[in-house]
Engineer: 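Take a look at this one; I'll ask things after.
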Amino acid sequence: MSRYLRRLAVVCAVIAAVVGLGFLWRVSPAAGLVADGGGPRRELPAGATQPRDGDRHHLRLDGGLDLNSVDDLGQTVFIGVGVLAVVVAVDRARRRRRPVVPRTSGGSGS
Amino acid sequence: MTIGGGPGPGSSAAVTVDRVGASTSSLPRRTVVDFWLDLLLVVAFTFDYSFRFTGLTIHEWIGMVFVVLVPVHLTQHWDWVVRTTRRLVGRWRTPSRESLRWVVDLLLLGAFVLCVASGLLVSQKALPALGLRPGDDNFWRGLHTTTADVSVALTALHVALSWRWGLTVAKRLFRRKAAA
């Protein structure tokens, strides 16, 4: 238990260091790289419509799930499944090309 | 392949399995805990990233859950982090799956921690409900959206790089439950 708590303390220190780097970033000249709404707004081309309220980074302030926006959840799942499919396909292709070495008893690996 | 210690295999109580996932002993408790914790994190982040669906209140409270779950997840796999870091130091010229996973995990650690921290710093619902009033800062808001986008891609990659581990544990877990 004490070993687990020691490790947890190290992890918390690492997390605190990352957050500290975030604060340093905020006061550095590179802060503008991520600052929200810092840049000039682009004029919409003639005939273009205003962005919808439901755009990707629009925050809905009221509570509760919105079943009308379930496509948003679908998009997130699509990203995850897409990456998973690519990695699995690459992995399987690599394995097919590699000769299978029979395991010997007592072996370990990861 | 070994089971034990999660996607970054890190448990001393590792169990040897063959290519198709048949085990030589039952799943260690640690592996079961890792599996459910990892699954919970993935599902929670999937919902949290879909904030048009969840709304701000649920979005922020799920974010608060990460404040607890992420350190626990990292602690569970800290052995793997230390061991892999030591192993990779000095042989960067031989890229491997392990080094790719290590780099992805390192980037994910930075992005995810900054995402959760910046989310707390611009919280409008969860922290005020606890009596805290964070400021409204363009930098933290921008950092939150940027790191969230980076984190969702890296999380997908992080999970995908451990798909064999996840599949093997899931098969054995559900087969055992079905047999019980």
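Just so it is clear, the model here is predicted, and its values are computed rather than measured.
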Engineer: What part of R3(A) gets closer than 4.5 Å to chain B, counting heavy atoms only: side chain, backbone, both or neither?
Structural biologist: side chain
Engineer: Taking a hydrophobic cluster as the set of Ile, Leu, Val, Met, Phe, Trp and Tyr residues connected by side-chain heavy atoms closer than 4.5 Å, whether directly or through intermediates, do F174(B) and V32(B) fall within one such cluster?
Structural biologist: yes
Engineer: Give, for atom CG of D71(A) and atom CZ of R52(B), the distance between the pair rounded to the nearest 0.5 Å.
Structural biologist: 5.0 Å
Engineer: Quick one: of V70(A), V14(A), I79(A), who has the most non-hydrogen atom pairs under 4.5 Å with chain B?
Structural biologist: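 The residue among V70(A), V14(A), I79(A) with the greatest pair count is V70(A).
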Engineer: V159(B) and V104(B): same hydrophobic cluster, using ILVMFWY side-chain contacts below 4.5 Å?
Structural biologist: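 No: no chain of side-chain contacts under 4.5 Å links V159(B) to V104(B).
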Engineer: On a heavy-atom basis, which atom in A156(B) and which in G80(A) lie closest, and how many Å separate them?
Structural biologist: CB-CA, 3.9 Å
Engineer: Any chain of hydrophobic side-chain contacts (each under 4.5 Å) joining L21(A) to V67(B)?
Structural biologist: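 Each belongs to a different hydrophobic cluster.
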Engineer: Look at the side-chain heavy atoms of Ile, Leu, Val, Met, Phe, Trp and Tyr, link any pair under 4.5 Å apart, and say whether V150(B) and L107(B) land in one connected group.
Structural biologist: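 Per the 4.5 Å side-chain linkage, V150(B) and L107(B) are co-clustered.
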Engineer: Just so I understand: if I count every heavy-atom pair under 4.5 Å between each of S118(B), A153(B), A148(B), P71(B) and chain A, which residue has the most?
Structural biologist: P71(B)
Engineer: side-chain contact (heavy atoms from CB on, under 4.5 Å), that's the test. Do F112(B) and V18(A) meet it? Break it down for me.
Structural biologist: CA-CA 10 Å; F112(B) 204 85; V18(A) 174; over 6 Å; no
Engineer: Between CZ of F47(B) and CG of D72(A), what distance do you get to the nearest 0.5 Å?
Structural biologist: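 The distance works out to 11.5 Å.
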Engineer: I'd like to check V116(B) versus I15(A) (side-chain heavy atoms, cut-off strictly below 4.5 Å). Are they in contact?
Structural biologist: no
Engineer: Measuring heavy-atom distances to chain B, does V86(A) have an atom under 4.5 Å in its side chain, in its backbone, in both, or in neither?
Structural biologist: neither
Engineer: Can you tell which of V83(A), V77(A), L73(A) has the highest number of heavy-atom pairs within less than 4.5 Å of chain B?
Structural biologist: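 Ranked by heavy-atom pairs under 4.5 Å with chain B, first place is L73(A).
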Engineer: Are the side chains of L143(B) and R26(A) in contact, using a 4.5 Å heavy-atom criterion?
Structural biologist: no
Engineer: Would you call F53(B) and T76(A) a side-chain contact if the rule is heavy atoms closer than 4.5 Å?
Structural biologist: no
Engineer: Heavy-atom distance under 4.5 Å between the side chains of V72(B) and Y4(A), does that happen here?
Structural biologist: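 Heavy-atom side-chain distance check passes, below 4.5 Å.
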Engineer: Is it true that, when you exclude R97(B) itself, more than 12 heavy atoms of the residues, nucleotides or ligands shown sit nearer than 6.0 Å to its CZ?
Structural biologist: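 Atom CZ in R97(B) is crowded, with more than 12 foreign heavy atoms closer than 6.0 Å.
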Engineer: Are V42(B) and V81(A) linked, directly or through other ILVMFWY residues, by side chains that come within less than 4.5 angstrom of each other?
Structural biologist: no
Engineer: Rounded to the nearest 0.5 Å, what separates atom CH2 in W25(A) from atom CH2 in W140(B)?
Structural biologist: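 Atom-to-atom, W25(A):CH2 and W140(B):CH2 are 9.5 Å apart.
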